[in-house]
Amino acid sequence: MDILQIVGIGFLATVLILVIREQKPMFAYLLAAFVGVGIFLAFVGKIGDVISVLEELADRSGIPSVYLKTMLKIIGIAYIAEFGAQIVRDAGLESIATKIEFAGKMLILVMAVPIISVIVETVLNLLPA
Amino acid sequence: MDIMDGLSGWLRQVIAVILLASLIDLLLPNRTMQRYVRLVAGLFILLTVAGPIMQWVKGDFGSRLAQGLQSVEKTPEGASRQLAMIEADGAKLRESRLAQAADLTATKLESEIRSEVEQAGGHPVRRVKVNLEKVSDGSLAVAKVSIELEPETVPAGERSDGASSGEVRDVEAVADVEIKVQVGGGKAPEKEPDGAIPAIGGTEGERELDGETRRNVTALVSNRFGLAPGIVEVKLPDEA
């Protein structure tokens, strides 16, 4: 049922945007952005169910909570960067969208730095001096 | 049994992390971030697989990893500089608040001393000045209180009644004489010292009374407000 509503809103918004775009391209862009934000906000809460399953899995298997937190942060960064980049891309500014994606990638890589450093230190300690 | 328990726990962890990584791979919005997310997920799987070895080599790798990840999340660029700036602003605000509080205290104390001296001591006060100073532990203490008394018009008139009435009469006489002086001018220098001599006598007489007033006011203020008598300074109208 939810998916029908979303598809309906999407079709409606698309038709409206196609009509408006000829007269007022600015309003067409704004409408596209707001519809996108609305759908995103309406369904971003559903991801909470998935996250609760993941947390339970992590709890029962005894993996450190830092792993799960970091992975969830990575997912969050990926979603937000992608969302922002798509809105900017809709406005036709491909270069800025690419920069936003680049920032997201960098932030994800920064998350990996402590893991890499721990692994490298351990490997160095394993080797005889 | 211990080895078996440890082994089963390790296997469970490995499976859970791999499941987690695959779920996160599924949750990704598109393929642009996929390589990066896979790298991080792969590192986590590597950490979990190599966990027992790492624990054997370095006992506290888990806590160090957690510390590193938290520091990555919580320290934005220039955080220390911003913190120093915020702390400096806070110190400035604190000092200005203290200065305001000191001003308020001094004003309040001044008005209370004034009303106390005027009501209990019966001396009209022209001005009260309270100086506050910071003592070694950072709090404020009263360093000096200076009270300037108003010239007491009515009692002074009563006290030096004879002298002042004599002066008035003299002045009247001078006024009379002045008409003659305009003609002759010989008596004017004689009258001026006559007028000045009773005035000197009057101040000498008043000084003893003033000393008493000074002592009274000092004792009153130091007793009522718990101040050392040494820091209370009473100025009399003549000195002012």
Side-chain angles (χ1 to χ4, degrees), chain A residues 40 44 46-47 50-51 53-86 97-98 100-127, chain B residues 6 8-73 75-77:
Chain A
F40 183 77
V44 79
K46 300 268 182 193
I47 212 170
V50 181
I51 287 170
V53 170
L54 291 182
E55 276 175 349
E56 198 189 331
L57 175 73
D59 266 353
R60 288 178 63 179
S61 60
I63 60 171
S65 63
V66 183
Y67 292 11
L68 186 69
K69 270 190 206 165
T70 311
M71 285 198 179
L72 291 180
K73 282 203 176 87
I74 287 168
I75 292 283
I77 291 170
Y79 265 98
I80 292 169
E82 178 60 29
F83 183 71
Q86 271 178 357
T98 317
I100 291 176
E101 281 179 352
F102 167 75
K105 286 171 190 171
M106 283 302 112
L107 285 175
I108 291 174
L109 278 186
V110 165
M111 290 273 181
V113 169
I115 311 169
I116 294 172
S117 69
V118 165
I119 291 173
V120 168
E121 272 184 38
T122 313
V123 171
L124 287 180
N125 279 342
L126 270 177
L127 296 173
Chain B
S8 70
W10 172 72
L11 201 58
R12 210 165 50 218
Q13 277 190 14
V14 171
I15 292 168
V17 168
I18 290 171
L19 270 177
L20 199 68
S22 61
L23 273 175
I24 278 165
D25 207 30
L26 271 180
L27 276 176
L28 272 181
N30 62 4
R31 289 184 178 275
T32 46
M33 305 271 178
Q34 204 171 31
R35 278 182 299 166
Y36 301 88
V37 174
R38 276 188 181 170
L39 168 73
V40 179
L43 283 172
F44 274 123
I45 294 171
L46 185 63
L47 263 185
T48 317
V49 171
I53 300 170
M54 288 195 159
Q55 229 148 19
W56 175 54
V57 174
K58 284 183 154 194
D60 60 340
F61 92 96
S63 63
R64 291 186 60 186
L65 180 65
Q67 207 178 359
L69 284 172
Q70 275 172 4
S71 71
V72 164
E73 290 159 14
T75 50
E77 284 173 32

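Labels below follow one simple rule: chain letters A, B, ... track the order of the sequence lines, proteins then strands, and each chain is numbered from 1.
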Over all atoms of both residues, closest heavy-atom pair of A/Glu101 and B/Met33: O-CE, 3.8 Å
Using every non-hydrogen atom in the two residues, find where A/Met71 and B/Ala41 come nearest and quote the distance to one decimal. CE-CA, 3.9 Å
B/Ile24 versus chain A, the contacting section by heavy-atom distance below 4.5 Å: both
Smallest separation among heavy atoms of B/Arg12 and A/Arg60, with atom names: NE-O, 3.9 Å
Contacting region of A/Ile63 [heavy-atom separation from chain B under 4.5 Å]: both
Non-hydrogen atoms of chain A under 4.5 Å away: do they reach the side chain of B/Leu23, the backbone, both or neither? side chain
Please flag which part of A/Ile74 lies under 4.5 Å from any non-hydrogen atom of chain B: side chain, backbone, both or neither. side chain
Would you name the heavy atoms of A/Ala78 and B/Leu28 that are closest together and state the gap between them? CB-CD2, 3.7 Å
Residue pair A/Ser61 / B/Gln13: nearest heavy atoms and the distance that separates them: O-CG, 3.4 Å
Considering only heavy atoms, which portion of B/Ile15 lies under 4.5 Å from any heavy atom of chain A: side chain, backbone, both, or neither? neither
What part of A/Ile119 gets within 4.5 angstrom of chain B, counting heavy atoms only: side chain, backbone, both, or neither? both
I'd like to verify something: which residue of B/Val40, B/Leu39, B/Val14, B/Leu19 has the highest number of heavy-atom pairs under 4.5 Å with chain A? B/Val40
